[in-house]
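Taking it in order: structure first as structure tokens, then the write-up.
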Amino acid sequence: DAGVTQSPTHLIKTRGQHVTLRCSPISGHKSVSWYQQVLGQGPQFIFQYYEKEERGRGNFPDRFSARQFPNYSSELNVNALLLGDSALYLCASSLWGLTTDTQYFGPGTRLTVL
Amino acid sequence: DAKTTQPTSMDCAEGRAANLPCNHSTISGNEYVYWYRQIHSQGPQYIIHGLKNNETNEMASLIITEDRKSSTLILPHATLRDTAVYYCIVRGPPGGSNYKLTFGKGTLLTVNP
């Protein structure tokens with residue numbers, strides 16, 4: 001079975017632009033979470049979605065937004081890009097609703113802001 | 001902030017067991033201990049999780065102390081491909097405030113030939 005897929009794999013943008021990152025969960029998974037990982041740090045939680053509703057949000061500015069579609073895929077949008085937004089953006093999917101709901105990660109999208 | 005404390009780095013000889021410790025002294029009764037690892041620039045890979053009993057799967061074993069304040073991840077026969085950053089994470093039940101995965105800096109395990 002296919003794992004979590006993310007697109008694109010790499011992306012280069014300039015300051016002030018916006019970007020859309022995409023994620024397809026593992027088949028049967030209904031929850032998607034987004035994480036940001038800057039160089040040298042562990043991943044930081046941005047959002048979690050389940051059944052198209054936001055179920056959790058990390059400490060990120062309003063420039064970051066996301067949505068989940070009826071097929072459970074998801075998009076992460078970042079507006080007015082800053083140099084500090086350069087990072088690996090990770091998507092994770094899970095079943096949701098179980099007491100032990102394991103999240104499985106995709107390979108990530110490497111965003112470089114110039 | 002992460003609720004766990006791990007050593008910054010560890011070394012292990014190829015073929016030997018790697019024992020990675022983690023302290024989580026403030027863990028609550030309904031919180032699980034999860035372990036992930038991340039090989040350079042790849043997405044984190046799930047290894048194992050547990051509540052209070054010891055757990056074993058094809059990748060590793062997880063030993064949780066009786067008071068649940070610490071745990072040890074054991075890779076029984078480390079290979080060079082096990083070189084990675086290992087994250088120990090305490091996580092609450094779905095829908096709760098601690099449901100998200102909160103990563104610390106993890107332990108860089110280097111397996112030497």
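In what follows, every chain begins at residue 1, and chains take the letters A, B, ... in the order their sequences are listed.
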Taking side chain as everything from C-beta outward and backbone as N, CA, C, O, which of these in [X] sits under 4.5 Å from a heavy atom of chain B? Side chain, backbone, both or neither.
| X | answer |
| --- | --- |
| A:Ser31 | neither |
| A:Tyr50 | neither |
| A:Gln103 | both |
| A:Gln6 | neither |

Quick check on the hydrophobic clustering: are [X] and [Y] connected, directly or via other members, by side-chain heavy-atom contacts under 4.5 Å?
| X | Y | value |
| --- | --- | --- |
| B:Tyr86 | B:Val111 | yes |
| B:Ile27 | B:Tyr32 | no |
| B:Ile89 | B:Leu108 | yes |
| B:Ile47 | B:Ile74 | no |
| A:Val4 | A:Leu88 | yes |

Atom NZ of A:Lys13 with >12 non-hydrogen neighbours under 6.0 angstrom: yes
Report, as yes or no, whether the 6.0 Å neighbourhood of atom CG on A:Leu83 holds more than 12 heavy atoms from other residues, nucleotides or ligands. yes
What part of B:Gln45 is in contact with chain A, defined as an atom under 4.5 angstrom from a non-hydrogen atom: side chain, backbone, both or neither? neither
Rounded at 0.5 Å granularity, tell me how far [atom1] in [X] sits from [atom2] in [Y].
| X | Y | atom1 | atom2 | result |
| --- | --- | --- | --- | --- |
| B:Tyr46 | A:Phe105 | OH | CZ | 12.5 Å |
| B:Ile48 | A:Thr102 | CD1 | OG1 | 10.5 Å |
| A:Leu90 | B:Gln42 | CG | CD | 11.0 Å |

Best-contacting candidate, A:Pro43, A:Gly42, A:Gly56, against chain B by heavy atom pairs under 4.5 angstrom: A:Pro43
Could you tell me which of A:Gln41, A:Arg55, A:Gln48 has the largest number of non-hydrogen atom pairs under 4.5 Å with chain B? A:Gln48
